[in-house]
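Residue numbering restarts at 1 for every chain, and letters A, B, ... go by the order of the sequence lines. Values below: every heavy atom of this structure, side chains too, minus hydrogens, waters and symmetry copies. Remember, predicted model here, so these are calculated numbers, not experimental data.
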Amino acid sequence: MASQKERPKNKPPLLNEITKGVLRENPVFRLLLGICPALAVTTSVENSLGMGIASTFVLLSANLVVSLLRNIIPSKVRIPAFIIIISGFVTVVHMVIQAFFPDLNESLGIYIPLITVNCIILGRAEIFASKRPPFPSVLDGLGMGIGYTVALVSIGLVREVLGSGAILGFQFISADAYIRPLMIMILPPGGFFVFGILVAFAQKLSERIENGSSTGDTDLCAGAVNDRSACVICGGCSLGDRAKTTPMDPEQAKHHKRGDSE
Amino acid sequence: MNLKVSASPHIRDKADTPRLMRDVIIALVPALLVSVYMFGYRALLIISVTVSSAIVFEFACRKIMKRNQSISDLSAVITGLLLAFSLPPEIPLWMPVIGSFTAIVAAKQLFGGLGQNIVNPALAGRIVLSISYPAEMASWSLPSGRPSSAFSFSPVFETDMITRATPLQMLYAGEGQMTVGMPDYLDLLIGKHAGSLGEISIAALLIGVIYLLARKVISLWTPLSFIAVVMIFAALSGHNPIYHLLSGGLVIAAFFFATDYTTTPLTRSGKVLFGIGCGLIAALIRIFGSQPEGVSYAIVFMNILTPHIERITIPLPFGGGRK
């Protein structure tokens, strides 16, 4: 696991590591990771933005450190090691938010410490940063973080506009207007509605962008880079037999699928 | 001799979707007439708003999604009618439009249209409204037969309107027993009490049910098990079971919402199971819950379980052994 994997021959440009997280491998809309905070804290744009930025910082830093330590961490205890690294950065974020943004801290509540166990961060550490040099890992963390923030803000925007009649706290439907906002949107069911509809929309958009090319690899969950391995994140956490088989990284899996390299 | 060779089925019924939908609309007419008589033009106004907005949303949705137009199958009309029947008479007129949008766009067309929806569209619309606007969705007026606020577009209720608790609310307050001042059984049967547009008159609904049974559009398995479980549960909890049957939305829900082809099981034992589940949840909400009425939640909940009910009740093919 700790050994660096062979690179595919036609290495994609580094910019791709950033852009893939935004739509093609968007953590929330395409990989369906980190759903819990995406449903729980997205009642307003402000909360979504706060959560997204906090997660991006943790992603970026955790990816960097995991990548630097990738040859030192023994493969058998890598998950606990990743968690320790991640939780260290989450503690930093938590303290900063407590000190400088007490209101945000109040409304995000338990979800800030819970960034530690956010699937996306552990997932990127496991399938990307632990096999790549620091620079691409940082770019990957940044791209995924931006993708996560974009997803949270878009869910938050729809929910805030429909549910409270406001954007970023600016009320454009007054409370005693004739038509009042749809309260269900800021309640949990509304989160599921918006999430489901946006996932369908992102799927459609992504299909259109890829212009009919195979989307097979993104249909799997993030850890399952090909169809024979189960999700590395879920299957790998239990450290069953699957953890021993080294999964291919996403780039290689793509080539494998297309039959470029065997 | 001229023998024609073809694959089965060889005998086909003339029943198709528009014919079934037309039958359901005909069956709903008596309840519609009673609600217009009891609540005045206001009822007609709400019904026309929900039906027309449902048709418009159905048309627009199919157009945008570049699919065949499906208005002629009349399912949007039924959704609109049933949605209106589950709304209180004094609701501001823009709310039914949101209800129609939820029903047609979110609950039906986004899932693929008629036959693909997971939950009953009209009930989804009703539930979204009742969670979003709890005050308006629970303000009932006594049917007067006069067109009091028929063309009022004001969200503020007129002061001369008589608001009155529904029989179920009174039952809820009275710990399940009939108390003084509550409508008697005859009032409940003909619809002289507060309630949603379509649910008030049990007699009118039953006329429609008899028509549907005669046309073999619905079967009695789900409705009877649904109603029986609610009544048994009520009796066991020391409530008045007949009052539970005659008040609230139990009858319209059991015969018109819980017999929807798409969202309920196809197998006979599945239908019974579905009815029992609905009855249990509805009775639990009515008797122990924080709301007086819960049939809409019960049906939507069981709608979600329908694929699983069908999986466990699927009949074995000929020659197949027991599991």
Checking heavy atoms, do the side chain of Ile98(B), its backbone, both or neither come under 4.5 Å from chain A?
side chain
Would you indicate whether Phe201(A), at its atom CZ, is surrounded by more than 12 heavy atoms from other residues, nucleotides or ligands within a distance under 6.0 Å?
no
Calculate, to the nearest 0.5 Å, the distance between atoms CD1 and CD1 belonging to Ile184(A) and Ile127(B) respectively.
8.5 Å
If you measure from OG on Ser132(B) to CE on Met185(A), what distance do you get to the nearest 0.5 Å?
7.5 Å
How about CD on Glu106(A), more than 12 heavy atoms from neighbouring residues, nucleotides or ligands closer than 6.0 Å, or not?
no
Inspect the surroundings of CZ in Phe101(B) and state if more than 12 heavy atoms from other residues, nucleotides or ligands are less than 6.0 Å away.
no
Check whether more than 12 heavy atoms from other residues, nucleotides or ligands sit under 6.0 Å from atom CZ of Phe192(A), and answer yes or no.
no
Looking at every non-hydrogen atom in both residues, tell me the closest pair between Val128(B) and Phe193(A) and how far apart they are.
CG2-CE1, 3.9 Å
Segment of Ile197(A) engaging chain B (4.5 angstrom heavy-atom cut-off):
side chain
